[in-house]
Amino acid sequence: MKLSLKDIPDTTILKQQYLWCNNRDLAFTYDSFPEWPQKLVLSKMGKLYEKGYLDFGVSLRTSWLTDKGIELLRSNGLL
């Protein structure tokens, strides 16, 4: 079965990125899910940026959650 972006839940990626932002000793989000190819996770992060859930300066891998991203996690009981 071929994986696609829709197979990766938005909230899973956002939660991991939130955790990484609060503990830089953790692996980058794209390294945190061995079941998914890194390239696919980075693409998902790009889509989350386009939707306004993530923002970044130099690199998407070091992105942070926007207020909209934090609110999505809160509304799903993940924060």
Side-chain angles (χ1 to χ4, degrees):
M1 179 173 113
K2 184 173 178 169
L3 292 172
S4 68
L5 291 180
K6 67 181 179 178
D7 297 320
I8 301 174
D10 292 354
T11 53
T12 299
I13 300 301
L14 290 173
K15 175 69 178 203
Q16 185 61 35
Q17 194 62 23
Y18 177 83
L19 293 172
W20 179 85
C21 285
N22 290 295
N23 182 357
R24 302 287 170 97
D25 290 331
L26 295 174
F28 288 116
T29 296
Y30 63 83
D31 283 331
S32 298
F33 302 100
E35 66 273 25
W36 299 322
Q38 290 178 344
K39 188 175 180 179
L40 193 61
V41 174
L42 279 170
S43 292
K44 183 67 170 194
M45 291 173 72
K47 292 294 182 186
L48 292 169
Y49 166 74
E50 290 173 5
K51 291 179 180 179
Y53 294 119
L54 291 175
D55 202 358
F56 68 97
V58 176
S59 173
L60 184 57
R61 70 185 179 129
T62 60
S63 61
W64 56 88
L65 275 69
T66 62
D67 291 341
K68 183 178 176 181
I70 290 171
E71 182 54 38
L72 180 65
L73 290 181
R74 282 191 179 131
S75 69
N76 281 281
L78 298 172
L79 286 185

* Taking only residues two or more places apart in sequence or in another chain, which ones pass side-chain hydrogen bond (donor to acceptor under 3.5 Å, both in side chains) with S32? -> Q16

Distance-only criterion, 3.5 Å: show the donor-acceptor pairs between side-chain atoms of residues 69-79 and protein atoms not counting sequence neighbours.
{"residue": "S75", "atom": "OG", "partner": "E71", "partner atom": "O", "Å": "3.3"}
{"residue": "S75", "atom": "OG", "partner": "L72", "partner atom": "O", "Å": "2.9"}
{"residue": "N76", "atom": "ND2", "partner": "L72", "partner atom": "O", "Å": "2.8"}

* To do: Report the residues that fulfil ring pair (Phe, Tyr, Trp, His ring centres under 6.0 Å) with F28, sequence neighbours left out, ordered by chain and then residue number.
  => W20, Y30

List, one per line, each side-chain donor-acceptor pair under 3.5 Å for residues 33-40, sequence neighbours excluded.
{"residue": "Q38", "atom": "NE2", "partner": "D31", "partner atom": "OD1", "Å": "2.3"}

* Qualifying side chain to side chain donor-acceptor pair (under 3.5 Å) pairs, either residue in residues 51-62, two or more places apart -> D10-K51

* Asked: Sub-3.5 Å donor-acceptor pair from the side chain of K68 to the main-chain atoms of G52, do we have one?
  -> no

* When rounded to the nearest 0.5 angstrom, what distance separates CG in D7 from NZ in K2? -> 11.0 Å

* To do: For L54 and M45, work out which heavy atoms get closest and say how close.
  => CD1-O, 3.7 Å

* According to the ring pair (Phe, Tyr, Trp, His ring centres under 6.0 Å) rule, which pairs have a member within residues 59-79, sequence neighbours left out? -> none

* Y18 OH to T29 OG1 distance, which is reported to the nearest 0.5 Å -> 13.5 Å

* Over 12 non-hydrogen atoms of neighbours within 6.0 angstrom of CG in N22 -> yes

* To do: Supply the atom-to-atom distance K44 NZ to T12 OG1, rounded to the nearest 0.5 angstrom.
  => 9.0 Å

* To do: Quick one: list whatever passes side chain to side chain contact (heavy atoms under 4.5 Å, CB included) with N23, sequence neighbours left out.
  => D25, L26

